[in-house]
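Reviewing the structure listed below.
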Amino acid sequence: MSERQVMTRDEFIEDLRKRLRENFAMEIETATPNELFVAIGQIVRASYADSWHRTRQRYLEHKQKQSYYFSIEFLPGRMLKSNLLSLGMLDMVRDTVEEFGFDFDDVLRVENDMALGNGGLGRLASCFLDCLASRELPGNGNGIRYDYGLFKQQFVDGYQVELPDAWLKSGNVWEVRRESESVNVHFGGNVYMKQMPDGSLKPVAENERILKAVPYDTGVVGYENDTVNTLRLWSVEIPASEEGKYRSIEERRMVEDLTAVLYPDDSNEQGRLTRLTQEYFFVSAGIQSIIRYYKKTKMPISRINEYIAIHINDTHPALCVPEMMRILLDEFDLSWEKAWGLTVSMMSYTNHTIMQEALEKWPVSMVKYHLPRMYQIIEEIDRRFVTNLQGLYPDDLIQRTRIIQGDQIHMANLSIIGSHSTNGVAKLHSDLLKSVVLHDFYVLYPERFNNKTNGITQRRWLQLSNEPLAGLLDETIGTSWRKEPTDLQMLMNYYDDDRLLELLADTKHKNKVRLAKYIKETCNIEVNPNAIFDVQIKRLHAYKRQLLNLLHIVKCYLDLKDDPNRNFVPRVWIFGAKAAPSYTYAKSIIKAINETATLINNDPDIGDKMKIVFLPNYNVSLAEIIIPAADVSEQISLATKEASGTSNMKLMANGAVTMATMDGANVEIRDYVGADNIYVFGLTEEEVYRYYEKGDYSAQAIYDQDPVVRRVLNAFVDGTIPNIQREGQEIFDSLLKYNDEFFLLKDFEPYCKVQEQVSQDYLDQTKWRKMSLTNTAKSGIFSADYTVMKYAEDIWQIAPVNLHKEKRN
Ligand code: 26Q
């Protein structure tokens, strides 16, 4: 399949022996998975070291335009298997390790997930890096090396408990500390303008606190192509020159806290000083390091925008705009106009949220005090913005779009004004940005707005995590889909091939057996692999409506209790979700799901017909086990709330059929698979906005009129679901007293109806298998390969660099 030079089995064994001896004074035969993981990790790293070096050299020598993806989160998960795959070594290494009597999966499981992200946004950043390298695009990541990633989740009495994720405890084979590329980042102090001999004014800073930012680089290995890009993550230290200023342990701790932990809130955590400091820290370090690189190209600063593109992933890195201005103004002495033109032309911004309350804002006082030079520059950007628009646009529009409003700095406004491109992450989302959320900016800068529908990397989410299916695809349609995911559509030629449909069902069954085994081991619940596996995996959020799923479960349960002999297609409901530690409502829903699970799973009247499994600690590695085993994919957010969603795409690729509201990328999924291969229900965007406009939604009215709704809701407060006195009441009140913010009750009946249809269709296995096949066949379009290629062309203007050919010459 590939003509690449890979290590032979014998070379691998020799290298492995050597490393086990040198590191651990051990032989292969006596090693444990731990030592094997470290030694193999080193071999893998060494095997791409050359390509990594060559990639960097080539970009520099050819002055290749590069993009830098600034993101406060990256969520790559484990990397051993994906690196082996990209290097063409996976089969050889697995076979060899197994020849020695080890279970290769045991070795893979030694690696801690790199979980420096909360959810969709961080995982998207990691998919993008994988795709950039795999498409030979010069694109790098820039972020924070948190000592602790997203908390580990446990359930105690059904409640979520958070434990620290000390992922670096046993070292990290993939990273390289680059001490010599450290930079200093300045905080606080005061800035005054000093008159220079030539009469000009220069900002001078006094009494600043200086912190050292040390980069840790990880190679991002392209798929079978010799491109290795860089993910650069920054860690804080006290500079040697400042040692004297930090005498006490407390003072040192304050500094070290800066990159200690990832904020575990994926929407809300606002106004925290450490968060602001984190943002400036990785932005300033990243921009300084780009400038240092650019100096090496010897090109004039006036042309930097031809060589550098900077992407702002959500508003968290929005300080890229004033920080770039600071350097161009203060260090290169450019005029404001020149500096601004370059900055806007380099920057681009992606919005990931519709919810107004989640848009990031910072108090003026905090920015002024801790980042005084940033504040001065933001103030000047804001002042010029207003001046330039006055007379051209209505005053109220200018007031609504300016960066500083009252005592707050609006980071989305800064990002849009300071960049040449603003994009949403699915068609519907991008349209809503233009028509509602950012409409005022669309009036000002229509040409800046564009859509880039999210995608996923099929390498991780199909090739690696679903080997049975991947192998079957190879045998059926050839292997080209591995490099060109849209080739998956060749599967449609087998739509009527009973034999293939059977084989596809066999792979699904295998994956369900594997998941069942995992469920037995971790939760001690027996589930039947012949039941429908109904999956909802994502952060716990009211708008994602895990509660709607639960309401349906409770309805099924009550129906079965009424009539245990009624026809019922057995189903296993599988949840994976972390709640932000401070999000009490989300935590109450976790508790309610867990208590409902205990009730139903142990009810002898129900037996195998219904099982509810809430798998703890949902993360990338767990997703890799759950997704291949799913029959139904729950994508049931209230229309207009989910910007895109990406688990919908992963599940679809693995042959799950989607239960969808017309929200986010579900709309595009429906367009591709066709209405017959997806279950659609619920309020539409128009209907949701109509309710907002008229203000005439009444959850109480639905409760009063609909006996089923009444019965299901009452189960939360009348003891039917035990042990949720407080949580049940809280949930009940959210729906009735507070009028059901996300319209669950309105969508409940149509949801139940479509779920009934799912059960009926599942009985018709031919029909079901055809739907499943269609979903896999049509999923290629959601490859992030295509998404990043569009970013590369439309936004960053970067082009592929073929390193593979060069190496062979
Ligand atoms: C903001 C301020 C202060 C503290 C934290 C935050 C914060 C952190 C993380 C705000 C938002 C996030 C993460 C958002 C996120 O993951 N959004 C998801 O992005 C995906 C990729 O585009 C989409 O598919 C999802 O629809 C969207 O919810």
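Start at 1 and go down the list; that is how both ligands and their atoms are numbered.
Assignment of H316 to the shell around ligand 1 is supported, since a heavy atom sits closer than 4.0 Å. For the ligand labelled ligand 1, residue G664 lies outside the 4.0 Å heavy-atom shell. For T353, the closest heavy-atom approach to ligand 1 does not fall below 4.0 Å. Between R539 and ligand 1 there is no heavy-atom distance shorter than 4.0 Å.
Checking only distances, N454 does come within under 3.5 Å of ligand 1, N or O to N or O. For G645, a nitrogen or oxygen atom sits less than 3.5 Å from a nitrogen or oxygen atom of ligand 1, counting backbone and side chain alike. Residue N118 has no nitrogen or oxygen atom sitting less than 3.5 Å from a nitrogen or oxygen atom of ligand 1, judged on distance alone. At a 3.5 angstrom cut-off on N or O pairs, S644 counts as close to ligand 1. On a distance-only criterion, G119 and ligand 1 share no N/O pair closer than 3.5 Å. Between E360 and ligand 1, not a single N/O pair is under 3.5 Å apart. Note: an N/O pair closer than 3.5 Å links Y543 and ligand 1 by distance alone.
When the options A125, G117, G120, S647 are ranked by their closest heavy atom to atom 20 (C) of ligand 1, first place goes to G120. Closest to atom 5 (C) of ligand 1 by heavy atom, among L262, D265, T350, is D265. Comparing heavy-atom distances from atom 28 (O) of ligand 1 across M649, K641, E642 singles out E642 as nearest.
Below 4.0 Å from some heavy atom of A643 lie the following atoms of ligand 1, by number and element: 26 (O).
Using a 4.5 Å heavy-atom threshold, the side chains of H429 and N351 count as touching. C131 places a side-chain heavy atom less than 4.5 Å from the side chain of R459. Side-chain contact check for W167 versus D113: every heavy-atom pair is 4.5 Å or farther apart.
Each salt bridge (Lys or Arg N to Asp or Glu O under 4.0 Å) pair with one or both residues in residues 431-440, not counting sequence neighbours, appears once here: R400-D440.
Salt-bridge check for D130 with R460: failed, with every basic side-chain N at 4.0 Å or more from each acidic carboxylate O.
When atom types are taken as modelled, the side chain of K641 and the backbone of D663 share no donor-acceptor pair closer than 3.5 angstrom. Proximity of a side-chain donor or acceptor of S284 to a complementary backbone N or O of Y280 within less than 3.5 Å is not detected.
For R545 and F742, the positive end is not near the middle of the six-membered ring at less than 6.0 Å and at most 45° from its axis.
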Check: Could you walk me through whether K361 and Q405 pass the side-chain hydrogen bond (donor to acceptor under 3.5 Å, both in side chains) check?
Finding: CA-CA 10 Å; K361 300 171 201 80; Q405 296 179 27; over 6 Å; no
Note to self: Assess the residue pair F282 and H316 against the criterion (ring-ring contact (aromatic ring centres under 6.0 Å, His included)); give the C-alpha distance rounded to whole Å, side-chain angles, the decisive distance to 0.1 Å, and a yes or no.
What the structure shows: CA-CA 10 Å; F282 92 99; H316 322 133; 8.9 Å; no
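Within the 6.0 Å centre-distance limit, the rings of Y69 and H311 are counted as a close aromatic pair.
The residue R272 has no part lying near ligand 1, judged by heavy-atom distances below 4.0 Å. When heavy-atom distances to ligand 1 are checked against a 4.0 Å cut-off, V425 comes that close only through its side chain, counted from C-beta outward.
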